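Everything below concerns the one structure shown next.
All of these numbers come straight from a predicted model, not from anything done at the bench.
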Amino acid sequence: MVKPAPDLRPEGAPAAAATVSMTGFAAGQGSGAGHDWSWDLRSVNGKGFDLRLRLPDIEGLEPALRKAVGERVARGNVTLNLKLTQAAGSAAMRIEPDVLNAALAAVDKVERAAERKGVALAPLKPSDLMAMRGVVDHSGSTIEDPAALLAALLESFEPVLESFVAMRREEGARTGALLAARIDEIAALTDEAAEAAAARAPKAAETLKAALARVMEATEADPDRVAQELALIAIKADVTEEIERLRVHVEAARALLAETGPVGRKFEFLAQEFVREANTLCSKSGDAELTRIGLALKYAIDQLREQIQNVE
């Protein structure tokens, strides 16, 4: 029986616990209805949900497994392998002596080579030999009770799936905590940007006044028209809207962390909005301190985007 992974969610951090990773792995073994089997279930990042199965030909098995995994996994590239052999001592199973001897000779050769290189190998189990191609002849074998075998397989798969889902949640909890830290960092930098923008205002006003005076001394331009142009420059340099939008995005990101269910795609879209505002902030800063903060924002957002790539 495969035991589900423990719940490792940080106490008092429901937001991080709601995040699910696309990376997971679980394995399990079982026996019944005259057969032995082993499960291997794993997943990696993916843009959508893609389930690939390697199964023996048992009627009803594939649709049942697709339904079971599809109900528990929303996103990721998932592979599920099932190795099925007849139980040792089955009358329908026959060992091929020549193939077995060749396999043992090959194993002996490998072990001797490993010993010369100082490499320690795990002891070989009989089941490992029986799993080698051709060692066991199943050509005359039949499944006496397909319904019983199907039921036994599906029952043994449930704890494997539970462990798999638990691992994705455990990994997601860690990712969620990292995301929360990055979002807090972005929020703090946004507040710094607001302070820097307010601090640069008097200096920016003096700079514009000086520029207006120089233009009026050097040309006969219309003072009102020049003043209008400088006012437009001041408006274009204002970063109030960018800062406010960054704050709105921070709140949206925190709300996503608290959601249950898949949020990865929403986070990816939100990260793009973060990038857009940070880029605009840098291009409009006109101030060394504000530019520094803008660059720090871009770095923090880039780290956020990297972590988002693994969120379901």
Side-chain angles (χ1 to χ4, degrees), residues 13-16 18-19 175-219 221-259 262-311:
T19 307
T175 301
L178 293 173
L179 288 173
R182 293 289 79 77
I183 293 168
D184 288 345
E185 182 181 358
I186 291 169
L189 287 169
T190 300
D191 290 340
E192 287 185 34
E195 295 175 2
R200 73 168 186 167
K203 181 179 178 181
E206 291 298 324
T207 301
L208 287 174
K209 289 179 182 179
L212 175 59
R214 288 196 298 271
V215 170
M216 296 306 300
E217 290 177 0
T219 67
D222 180 8
D224 292 337
R225 178 61 183 274
V226 173
Q228 289 176 1
E229 293 296 328
L230 290 175
L232 288 174
I233 293 173
I235 291 172
K236 290 180 180 179
D238 183 51
V239 294
T240 302
E241 290 187 7
E242 286 72 25
I243 290 172
E244 288 305 313
R245 282 194 288 265
L246 282 169
R247 284 172 169 160
V248 169
H249 297 337
V250 164
E251 293 307 312
R254 285 171 172 161
L256 281 179
L257 277 180
E259 284 190 19
V263 295
R265 289 191 178 277
K266 295 178 182 178
F267 255 124
E268 288 173 2
F269 174 77
L270 189 58
Q272 294 175 4
E273 297 301 307
F274 270 121
V275 170
R276 183 176 293 110
E277 301 306 331
N279 284 338
T280 306
L281 180 69
C282 287
S283 66
K284 294 170 67 173
S285 71
D287 177 79
E289 177 62 13
L290 191 54
T291 298
R292 181 195 66 77
I293 296 170
L295 293 174
L297 264 171
K298 292 176 69 172
Y299 179 71
I301 293 167
D302 188 60
Q303 289 184 313
L304 180 73
R305 295 179 73 182
E306 288 183 4
Q307 290 152 3
I308 287 171
Q309 298 305 310
N310 196 37
V311 176

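Rounded to the nearest 0.5 angstrom, Asp287 CG and Arg292 CZ are separated by 10.5 Å. Atom CG of Leu290 sits about 6.5 Å away from atom CD1 of Ile243, to the nearest 0.5 Å. Rounded to the nearest 0.5 angstrom, Leu256 CG and Ile183 CD1 are separated by 8.0 Å. Taking OG1 of Thr19 as the reference point, atom CZ of Phe267 lies at 6.0 Å (rounded to 0.5 Å).
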Side chains of residues 186-195: which donor-acceptor pairs under 3.5 Å do they make with residues two or more places apart or in other chains?
{"residue": "Thr190", "atom": "OG1", "partner": "Ile186", "partner atom": "O", "Å": "2.8"}
{"residue": "Asp191", "atom": "OD1", "partner": "Arg247", "partner atom": "NE", "Å": "3.4"}
{"residue": "Asp191", "atom": "OD1", "partner": "Arg247", "partner atom": "NH2", "Å": "3.1"}

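Residues passing the side chain to side chain donor-acceptor pair (under 3.5 Å) test with Gln272: none are found, sequence neighbours excluded. Residues forming a salt bridge (Lys or Arg N to Asp or Glu O under 4.0 Å) with Glu242 (at least two apart in sequence, or on another chain): Arg245, Lys284.
Listed here is the closest heavy atom pair of Ile293 and Ala196: CD1-CB, 3.8 Å. Taking every heavy atom of both residues into account, Ile301 and Ala278 meet most closely at CD1-CB, 3.8 Å.
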Requested in this report: Go through the steps for Leu297 and Leu246 under the test side chain to side chain contact (heavy atoms under 4.5 Å, CB included), then give the verdict.
Outcome: CA-CA 10 Å; Leu297 264 171; Leu246 282 169; 3.9 Å; yes
Query - Chi angles and distances behind the side chain to side chain contact (heavy atoms under 4.5 Å, CB included) call for Val311, Leu179 - result: CA-CA 10 Å; Val311 176; Leu179 288 173; 3.9 Å; yes
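In this structure the side chain of Glu241 never reaches within 4.5 angstrom of the side chain of Glu277, judged on heavy atoms.
The list of salt bridge (Lys or Arg N to Asp or Glu O under 4.0 Å) pairs with a residue in residues 179-190, not counting sequence neighbours, reads Arg182-Glu185, Asp184-Arg254. Among residues at least two apart or in separate chains, there is no ring pair (Phe, Tyr, Trp, His ring centres under 6.0 Å) pair with a member in residues 286-305. Every pair passing ring pair (Phe, Tyr, Trp, His ring centres under 6.0 Å) that includes a residue from residues 271-292 is listed here, sequence neighbours excluded: His249-Phe274.
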